[in-house]
Structure formats: structure tokens, C-alpha cells
Colleague: 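Structure provided below as C-alpha cells; questions to follow.
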Amino acid sequence: MFSATVLTLYPEMFPGPLGVSLAGRALSEGKWSLDAVQIRDFATDKHRSVDDTPAGGGSGMVLRADVVAAAIDATAQPGVPLLAMTPRGAPLTQARVRALAAGPGVAILCGRFEGFDQRLFEARQIEEVSIGDYVLSGGETAAIVLLDACVRLLPGVMGAASSGDEESFESGLLEYPHYTRPQMWEGRTIPEVLRSGDHAAIKAWRQSMAEIDTRLRRPDLWERHIGARVQSPSGARQKKDE
């Protein structure tokens with residue numbers, strides 16, 4: 001079973017959105033587990049202090065390495081990766097999510113204030129992860145995003161095993177557009193090819209739309225997709241097709 005441990009100053013934020021819909025149903029059915037750990041419980045002074053002023057001066061407060069490390073050491077599980085949600089981390093990708101979902105679980109460290117004492121990352125094996133180029137009030141919201149992305153990929157969580165196979169980022173492209181009834185709405189109709197019953201033509205249209213949308217909306221993804229395609233499985237270079 002996929003096991004998630006979240007180290008946080010606000011355990012009451014969990015399960016939060018993870019307690020409803022697909023993730024919540026899977027949690028109640030025992031398809032995954034969630035444990036929110038209060039970092040403050042590992043403080044050693046009477047005030048349960050977890051932070052202090054930045055060395056060298058500056059605004060804000062910094063989470064102490066000794067307190068956070070104690071929380072990590074008390075909850076660490078062999079073989080379970082430890083991630084810290086931070087804007088300085090590597091961008092979270094669907095490939096990384098799929099790899100995490102295929103493992104035994106994950107431990108997530110949620111930061112607050114100005115972040116963590118850097119010595120924590122030097123002393124413990126922690127993977128820093130970012131969900132985007134912006135700053136949140138804390139890592140809890142980012143942890144919820146990461147866990148939601150993982151849980152939906154667990155066996156039996158989505159209705160069909162193939163539900164996620166054609167989604168955005170799975171093939172390096174954005175997903176093609178979707179339509180459903182009514183056939184005509186406010187003068188706009190469902191594309192004829194989707195009503196044709198020609199499965200080959202539908203597949204080709206969807207692939208074409210995925211490529212067009214990715215090229216127009218996410219040129220960074222498109223460039224990576226083209227770069228991956230020009231390299232054949234044997235390692236021989238192929239002609240670039242743009």
C-alpha cells in the first residue's frame with residue numbers, strides 16, 4: 001500500500017482536499033494511507049521553537065535544522081523517498097509523479113517562513129521539489145498537489161486502468177480537446193470527425209490536435225517533445241519533423 005507521511009507545522013490541513021473525491025474514497029478504502037506529523041513535537045525547549053532568525057541578518061525566520069532533522073529521523077521509513085516542497089527544487093513532472101506512485105510511498109517535508117537551514121539538505125538525503133515558479137505561504141498546498149497527482153495513479157483509484165494514459169504530459173504533449181452532448185451548443189458543433197465512427201481518423205485527429213495545442217500553448221514542451229522524437233531507439237538521428 002502507498003504510504004504518505006507529511007511533516008508539517010499545520011497537520012490540521014490534512015487530508016483536506018485529499019479526503020474527498022477519488023483520493024478520499026481511495027483513502028477510506030485503504031488503497032493508500034496518510035499520516036500528518038507535527039514538526040513542533042520535536043522541539044526541545046519549553047516554547048516548542050522550530051525557527052530562528054537568519055544568520056547574517058535579514059527578514060523572516062528560518063526553520064531549524066536540528067528540530068526538522070529530529071522529525072525526519074523519527075518518521076523515516078526504509079526505501080521511502082523524502083521530498084521537500086520548495087521553490088528552489090526541481091520542477092515536478094508527470095514522469096516523476098508516475099515513478100513515485102509506483103513505489104512504496106513518500107515522505108514530504110513542508111516548509112514555512114523563509115525556508116530551511118541549508119545544513120539540513122547537506123546532512124539528510126532530501127529531494128527538493130517545486131510545483132511551479134511562484135511562492136506559496138507554505139509547502140502544505142504543494143504537498144497536496146503532489147499527493148493528489150500520485151494517488152490517482154494507484155491501482156484501482158481511477159475507474160479504468162487506461163484512464164490516465166492519454167492525459168496531458170503522459171506522452172510529452174498536452175491532451176487533445178474533449179467534447180460531449182449536446183451535439184450543437186450556442187451555434188458550436190462537435191467536430192465531424194468525432195461523430196464519424198472512424199476510429200483511425202479520430203486517433204489521427206486527436207494526435208494532430210495534441211501537437212497543435214502543445215506547439216501553440218507550451219513551446220517549451222513542444223521543443224522537448226521534438227528533441228525526444230528525433231532520437232530513434234537505436235540512437236540514430238532522424239530528420240526533425242516540425
Colleague: Does a side-chain heavy-atom distance below 4.5 Å link Trp205 with Leu194?
Modeller: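 The answer is yes; the side chains approach within 4.5 Å.
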
Colleague: Under the side-chain contact (heavy atoms from CB on, under 4.5 Å) rule, what do Val37 and Phe42 come out as? Steps first, then yes or no, please.
Modeller: CA-CA 10 Å; Val37 176; Phe42 298 88; 3.8 Å; yes

Colleague: Apply the side-chain contact (heavy atoms from CB on, under 4.5 Å) test between Ile39 and each candidate in Val67, Ile72, Leu63; give the one that qualifies.
Modeller: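 Looking at Val67, Ile72, Leu63, the match for Ile39 under the side-chain contact (heavy atoms from CB on, under 4.5 Å) is Val67.
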
Colleague: Hydrophobic clusters here meaning ILVMFWY residues chained together by side-chain heavy-atom distances under 4.5 Å, can you tell me if Val62 and Leu120 are in one?
Modeller: no

Colleague: Over all heavy atoms of both residues, which pair between Phe14 and Ala143 is shortest? Give the atoms and the distance, please.
Modeller: CZ-CB, 4.3 Å

Colleague: Should we count CZ of Arg48 as having more than 12 external heavy atoms under 6.0 Å?
Modeller: yes

Colleague: Is Val129 close to Thr86 at the side-chain level, that is, under 4.5 Å between some pair of heavy atoms?
Modeller: no

Colleague: Should we count NE2 of His178 as having more than 12 external heavy atoms under 6.0 Å?
Modeller: yes

Colleague: Please check if the number of heavy atoms outside Arg119 that lie under 6.0 Å from its CZ is greater than 12.
Modeller: no

Colleague: Heavy-atom distance under 4.5 Å between the side chains of Leu100 and Pro81, does that happen here?
Modeller: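 Yes, at least one pair of side-chain atoms sits under 4.5 Å.
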
Colleague: Taking Arg218 first and then Asp213, would you say they form a salt bridge - that is, a charged N and a carboxylate O separated by under 4.0 Å?
Modeller: no

Colleague: Under 4.0 Å between a Lys/Arg side-chain N and an Asp/Glu carboxylate O for Arg112 and Asp51?
Modeller: no

Colleague: Going by atom type alone, with no hydrogens or angles, which donor-acceptor pairs under 3.5 Å involve a side-chain atom of residues 179-193 and a protein atom two or more places apart or on another chain?
Modeller:
residue	atom	partner	partner atom	Å
Arg188	NH1	Glu186	O	3.3
Thr189	OG1	Gln183	O	3.3

Colleague: Can you name the nearest heavy-atom pair linking Pro104 to Val80, along with the distance?
Modeller: CG-CG2, 4.1 Å

Colleague: Could you tell me which non-hydrogen atom of Pro177 sits nearest to which non-hydrogen atom of Met209, and how far apart they are?
Modeller: CD-CB, 3.7 Å

Colleague: Classify the side-chain pair Gln118/Glu122 by whether it contains a donor and acceptor separated by less than 3.5 Å.
Modeller: no

Colleague: Mind checking the CD1-CZ spacing from Ile226 to Arg215? Nearest 0.5 Å is all I need.
Modeller: 8.5 Å

Colleague: How far apart are the C-alpha atoms of Leu83 and Ile126, what are their side-chain angles, what is the distance that settles it, and do they pass the side-chain contact (heavy atoms from CB on, under 4.5 Å) test?
Modeller: CA-CA 6 Å; Leu83 279 57; Ile126 303 172; over 6 Å; no

Colleague: Return the CZ to CD distance between Phe121 and Glu127, rounded to the nearest 0.5 Å.
Modeller: 11.5 Å

Colleague: Rounded at 0.5 Å granularity, tell me how far OG in Ser208 sits from NZ in Lys203.
Modeller: 14.0 Å

Colleague: Rounded to the nearest 0.5 Å, what's the gap from NE2 on His225 to CG on Leu173? Could you check?
Modeller: 4.0 Å

Colleague: Out of curiosity, Lys31 NZ to Glu29 CD, how far, rounded to the nearest 0.5 Å?
Modeller: 3.5 Å

Colleague: With rounding to the nearest 0.5 angstrom, report the CG to CE distance, Asp52 to Met61.
Modeller: 5.5 Å

Colleague: Around atom CG of Asp45, are there more than 12 heavy atoms from other residues, nucleotides or ligands closer than 6.0 Å?
Modeller: yes

Colleague: Side-chain polar contacts of residues 2-13 - donor-acceptor pairs under 3.5 angstrom, sequence neighbours left out - could you list them?
Modeller:
residue	atom	partner	partner atom	Å
Ser3	OG	Ser33	OG	3.4
Thr5	OG1	Gln77	NE2	3.4
Thr8	OG1	Tyr10	N	2.8
Thr8	OG1	Glu140	OE2	2.6

Colleague: Looking only at non-hydrogen atoms, find the nearest pair between Ala101 and Cys150 and report the distance.
Modeller: CB-O, 3.6 Å

Colleague: Do Val68 and Arg64 come within less than 4.5 Å of each other through their side chains, counting heavy atoms only?
Modeller: no

Colleague: Minimum heavy-atom separation for Gly89 and Ser130, please, with both atom names.
Modeller: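 It is O-CB, 3.6 Å.
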
Colleague: Kindly give the heavy-atom pair with the smallest separation between Val97 and Ala149, and that separation in Å.
Modeller: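 Looks like CG1-O, 3.3 Å.
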
Colleague: In the structure I gave you, are the side-chain heavy atoms of Asp35 and Thr75 within less than 4.5 Å of one another anywhere?
Modeller: no

Colleague: Hey, are the side chains of Leu174 and Leu221 touching, using non-hydrogen atoms and a 4.5 Å cut-off?
Modeller: yes

Colleague: If the threshold is 4.0 Å, N to carboxylate O, is there a salt bridge linking Arg206 and Glu211?
Modeller: no

Colleague: With the side chain counted from C-beta on, respond yes when Val157 and Leu154 share a heavy-atom pair under 4.5 Å apart, and no when they do not.
Modeller: yes

Colleague: State, yes or no, whether a side-chain contact exists between Ile108 and Leu146 at a heavy-atom distance under 4.5 Å.
Modeller: yes

Colleague: The test is side-chain contact (heavy atoms from CB on, under 4.5 Å); show your working for Trp32 and Leu18 and say whether it passes.
Modeller: CA-CA 11 Å; Trp32 70 292; Leu18 299 171; 4.1 Å; yes

Colleague: With a 4.5 Å cut-off on side-chain heavy-atom distances among I, L, V, M, F, W and Y, is there a chain of contacts connecting Met85 to Tyr134?
Modeller: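 Yes, it is one cluster - the side chains of Met85 and Tyr134 are joined through contacts under 4.5 Å.
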
